[in-house]
Amino acid sequence: MNFDWNYALDILPLLLDGLLTALIATVVGYVAALVLGLVFALARRSSKRWICLPVGFFVEFIRGTPLLIQLFFLFFVLPQLGLALSPLAAGIVGLGLHYATYTSEVYRAGIEGVPPGQWDAAVALHLPRRRVWTSVILPQAVPRSIPALTNYSIALFKDVPQLVAITVAEPFTVGRAIIAETFRPFEPITMAGLLYLAVALVLSYLGRIVERRYKGMATA
Amino acid sequence: MSSAQLGLLLYGAWQTILLTLGGMALALVIAFPVGLARVSRNKFLRAVGFVYVELFRGAAVLVLAFWFVYALPSLGWQLEPAFAGILALGLNMGAYSSEVVRGAIQAVPPGQVEAATALNFTPSQGMRRVVLPQAVRAMIPSFGNNVIEQLKATAVVAVVSIPELTFNGQLIWSGNGRAAAVFGGLLIGYGIMALVFMTMVRLIERKVAWS
Amino acid sequence: MSFIDFHQVSKRFGDNVVLDDLSFGVANGERVTLIGPSGSGKTTILRMLMTLTKPDSGTIAIDDEYLWHERRGDELVPAGEAHTRKVRSRVTMVFQQFNLFPNMKVLRNITEAPVHVLGTPKDEAEARARDLLEMVGLQSKADFYPSQLSGGQQQRVAIARALAVEPDILLLDEVTSALDPEIAAEVLDVLRDVAKTSDVTMLLVTHAMRFARDVSNRVLMFNEGKIIEDAPPEQMFNEPQHERTRGFLRSVLEEV
Ligand SMILES: Nc1ncnc2c1ncn2[C@@H]1O[C@H](COP(=O)(O)OP(=O)(O)OP(=O)(O)O)[C@@H](O)[C@H]1O
Ligand SMILES: [Mg+2]
């Protein structure tokens, strides 16, 4: 059979709307992952066992289990506890939480990469603990984390299609709705897939540029 | 929980394990030639490797699975769902694993290749006898991470109705409506499987260590 | 043409001219020490002979066979891989950082090339490897991994490994620079032994001047990619002609 270009052009605007939703989920979910990941990383370094142990277990558990089921959990279980989220909100929370467990590892490596002499110097200058973090450690740890963090934005985007399972109106959900009317699956599915692929390729290209730039900085 | 439900879950878990191992096996079969192509001296091979990695790293498992199951039949190809699942998992993970292969090969110190040259090995002998044995050991921890990622990715193929653990869990949920128990239980089940896989990888790591 | 023949060889890395139209020869069986300040191109010369670094222009020949070129009719064309490999088979090198294969035990480090490159039967190669290990004083270490040996022991294994491929030309690039002085002495003793008992041609770069005096019959002083002095060791070390050589020797001798 042939690719029906007229049909494809007809449904393209709908699919692009879906892509916009996917991008919104990516951006908001990623920002959540960046913030939450830092919280996790700092919590896991806490000297209080009642903080670092449960947080550590939670992070490892979320990272070791499938995002899809976490999405189901957020979307179908939370309403029973009186917290009903819209599909998109549940998707964003799921993505942000899942990827926070990855970004927290990146931050951790970045923090551990700060030379011990920096801590010693901060102590010698009598800086208060909070100040040590905000003006000495994090300003050094975060920039060196940026290339790895960028890669996780790409990885996160590639997991957005899973939101189809909780009916977020991303391209595959849109495509399914179209198919329900037309009974012609080939073009919607192919185009939804190509849209995702195209964005992923562009992001990966941008990621390589970021990586190159920061590699240059690290050696300078 | 009825025994029928328990049977469904156990069968699903078994299918999940098969998908994980099948997908990972395909990934490894792809990873070595593609990874070697990426470090080849031949420009054309390098380009082929690059295109494969970019394309199949960019195409998420769900995108591939959807396309294989819902679009490909329109072209006259009807794939067995489980086969489509393994194909999607393996093609995608193959791209990631080939980057592991490439990275490990490039991480072997250049002095090793120079020593192989000084002993007059051919380039392919040097690769086979000196570089790869060292690189493979360095790959194992990363392959271990890949197995865990692959295990997680198998859940995604539930979306195309492959009766693995997640899909069967959803079946049970649609019967009894107890979302918290079903999805909480699934998460714990995957967590345990991840733990088992991780332990096995550690054992292999210890086994291949030299000196 | 000399046994080893460099003819108008030039090499630059970017703007850095490392070798500038360099020509010199080494006779079969000669022991030649290359000295000169850091960056003067000594390593580059050895690496070119080992085909690890490619010259920009000029020719290098071993026993009338070009290393980087092939004769086609009257013309010289860039050599194919098989040709380079054939000419290269007469040369081997011992490295500053040893470069033993960490995944192989000591014995296999030594037998790997004889078995798979020269096609020596395995038991024959192993018997020979044990003889070589005895020569370097490490017969008890055959079944150890390199990481279980000290630096000096690793370098002695590397020497045995190099000799196992039966080279006509042995290149030694600062083989004791990564070692403590006492340990370096063990390695140098092994090399003195090699020099005494074989007729292999040696090109060596070293800062151990007494050792250079003992084993070599000729010393080349390099400076900025050129040979500025070429003399037997007695003359080079006792009455250097060139001002630059005198300065260099003074600085090296002070260091030790
Ligand atoms: N791969 C390379 N890329 C760029 N420059 C190089 C490379 N290899 C060598 N050089 C440069 O070529 C010059 C000569 O290097 P070479 O290693 O031959 O010197 P050397 O005489 O062995 O010095 P040393 O006593 O320090 O070992 C140096 O300036 C060095 O920086
Ligand atoms: Mg040198």
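Per chain, numbering begins at 1; letters A, B, ... match sequence-line order.
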Between C:Phe101 and chain B, with a heavy-atom cut-off of 4.5 Å, which part of the residue counts as in contact: side chain, backbone, both or neither?
both

Spatial distance of atom OG1 (C:Thr53) from atom CD (B:Glu114) [nearest 0.5 Å]:
7.5 Å

In this structure, CG of B:Asn120 is separated from NE2 of C:His116 (nearest 0.5 Å) by 14.5 Å

In short, B:Ala118 meets C:Met93 closest at the heavy-atom pair CB-N, 3.9 Å

For C:Arg85 and B:Thr122, work out which heavy atoms get closest and say how close.
CZ-CG2, 3.2 Å

Please classify the contact between C:Arg161 and chain B as side chain, backbone, both or neither, with a heavy-atom cut-off of under 4.5 Å.
both

Region of C:Val91 that comes under 4.5 Å of a non-hydrogen atom in chain B:
backbone

Residue B:Asn42 excluded, over 12 heavy atoms near CG under 6.0 Å:
yes

How about B:Thr117 and C:Arg88: do any of their side-chain heavy atoms sit closer than 4.5 Å?
yes

If we only count heavy atoms from C-beta on, is the C:Met104 to B:Pro133 side-chain gap below 4.5 Å?
no

Could you look at B:Gln125 and say if it's the side chain, the backbone, both or neither that has a heavy atom under 4.5 Å from chain C?
side chain

Counting only non-hydrogen atoms closer than 4.5 Å, does C:Leu171 touch chain B with its backbone (N, CA, C, O), its side chain (CB onward), both, or neither?
neither

Report yes if some heavy atom in the side chain of B:Phe121 is under 4.5 Å from a heavy atom in the side chain of C:Glu112; otherwise report no.
yes

On a heavy-atom basis, which atom in B:Leu119 and which in C:Ala113 lie closest, and how many Å separate them?
CB-CB, 3.7 Å

Among B:Ala116, B:Pro123, B:Ala115, B:Pro109, the residue with the most heavy-atom pairs under 4.5 Å to chain C is B:Ala115

